[in-house]
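The structure appears below as structure tokens.
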Amino acid sequence: ASDPSGAVNFVAMVDNLQGDSGRGYYLELLLGTPPQKLNILVDTGSSNFAVAGAPNADLTSYFNTKESSTYKLLGTVVTVKYTQGSWIGTLGTDVVTIPKGINGTFTINIVAISESENFFLKGVQWHGILGLAYDALAKPSSSVETFFDSLVNQANIPNIFSLQMCGAGLPVTGTGTNGGSLVLGGIEPSLYKGEIWYTPVEKEWYYQVEILKLEVGGENLNLDCKEYNSDKAIVDSGTTLLRLPEKVFSAVVGAIIQKSLIQEFSSGFWSGVQLACWAKSEQPWTFFPEISIYLRDENSSRSFRITIFPQLYIQPAFETSQNLRCYRFGISSSTNALVIGATVMEGFYVIFDRTQKRVGFALSTCAEVGGSPVSGIDGPFETTDVASTCVSTISFHEPLLWIVSYALMSFCGLVLLVLIVLLLLPARCRRHYSDNGIVNDESSLVRHRWK
Amino acid sequence: VSPPSAPDGSLVPVPVALKPRGGGNGTGTGSSPELQQEAEGLAL
């Protein structure tokens with residue numbers, strides 16, 4: 001339960017998170033000198049470390065940079081826009097300690113948020129965000145060293161972290177006191193069961209992975225596998241739901257309706273704005289199918305699948321009455337990505353192995369409801385029925401497309417410039433160049449005829 | 001939705017109630033952006 005070098009004690013990091021899938025999982029950090037205690041959301045879908053730097057009506061606390069003797073203002077204004085919400089802040093550096101993490105004090109980049117919109121939601125118990133994705137996503141540029149890179153460099157820990165979120169079967173926006181673990185620098189064996197299955201990171205920005213196939217109730221959706229990765233498929237702890245590209249979402253909802261033999265359901269339930277409530281004596285989970293996601297294995301001719309049971313995607317809501325228990329649908333549609341969010345991650349211990357450019361999944365020890373597992377993982381499967389690549393080319397070749405478009409624009413600009421010059425040249429001048437002043441009978445005749 | 005016939009005839013019991021999330025109008029259509037956002041949870 002520790003780093004082979006003996007420098008890190010992973011057991012100390014077990015249960016260092018609090019929160020739920022609805023409002024996110026957060027870690028306690030101490031910032032500045034003297035230390036200011038703040039809760040920080042763990043987000044594998046972004047790369048900036050940012051904290052509230054001014055009082056906010058929805059927050060109980062903020063980072064007061066003026067009170068910290070070690071805070072250094074760098075002054076760069078940073079703006080970050082998320083799928084939902086945005087903020088503006090100013091870049092600086094300060095020291096941080098992680099009470100349930102790596103021993104020591106580290107100097108890291110911090111953005112002090114001065115303005116935000118739809119970012120700090122009502123009722124959240126965190127005051128900032130810890131972006132654990134690659135530096136390619138860091139704002140204003142990738143030259144801003146990320147929190148985890150600073151930790152790896154200064155604490156000399158392996159370039160790997162792992163995440164267990166323990167909200168399966170519990171209300172999505174409840175008391176926010178569910179547990180979880182962020183293991184910095186390695187893998188803690190007590191947090192998973194069975195084998196770890198790894199899928200390659202397709203591109204180091206988000207944790208982008210390749211999805212080959214989706215099954216609902218054991219039946220293949222049979223969509224073109226590129227649809228599942230349109231325009232990317234990522235693993236993101238900062239997203240609550242399992243988000244699916246629109247076409248995939250429609251197919252999944254259709255298959256769930258078919259498989260669950262649902263008699264009558266409002267569209268508001270599938271779109272997420274309505275809860276479905278059953279008598280407490282009913283067991284609605286037993287009627288819904290399992291959903292399996294097939295991921296490319298490290299051996300590219302193979303795959304493995306992660307399966308979520310209905311306990312993970314038909315989620316109990318906090319709003320219950322005496323006789324009823326209400327649930328919400330934990331899957332939504334997306335216009336630009338497939339996001340393996342907290343809904344799915346709660347079923348697994350997820351390893352972000354940056355050294356070997358791969359993401360690992362294993363059965364989480366806390367993915368149980370009433371003593372029964374709510375997730376599954378198995379393989380290997382052959383990939384003969386799937387294309388050699390399912391990753392959208394648009395996302396893969398984006399830099400190349402930019403180069404091509406710039407080259408075309410330059411060529412068009414050059415042609416336009418030549419045309420303009422030709423138009424602007426005085427007619428006489430053109431005539432001069434064309435006939436060099438030589439006048440013969442024929443040309444003179446033509447000219448005079450025109451006159 | 002017309003349910004297909006199942007060998008054992010089991011169907012998901014119709015929910016006793018469909019409640020709006022967060023106190024909206026509950027129609028499931030034309031919901032406010034706030035209600036939709038609450039429904040989506042975090043998307044960072």
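Each chain gets a letter, A, B and so on, in the order the sequences are listed, and its residues count up from 1.
By number of non-hydrogen pairs under 4.5 angstrom with chain B, the leading residue of S237(A), S332(A), G45(A) is S332(A).
Closest heavy-atom contact between Q84(A) and L44(B): O-CD2, 3.6 Å.
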Does L42(B) form a side-chain contact (heavy atoms from CB on, under 4.5 Å) with D43(A)? I'd like the steps, not just the answer.
CA-CA 10 Å; L42(B) 293 179; D43(A) 179 26; over 6 Å; no

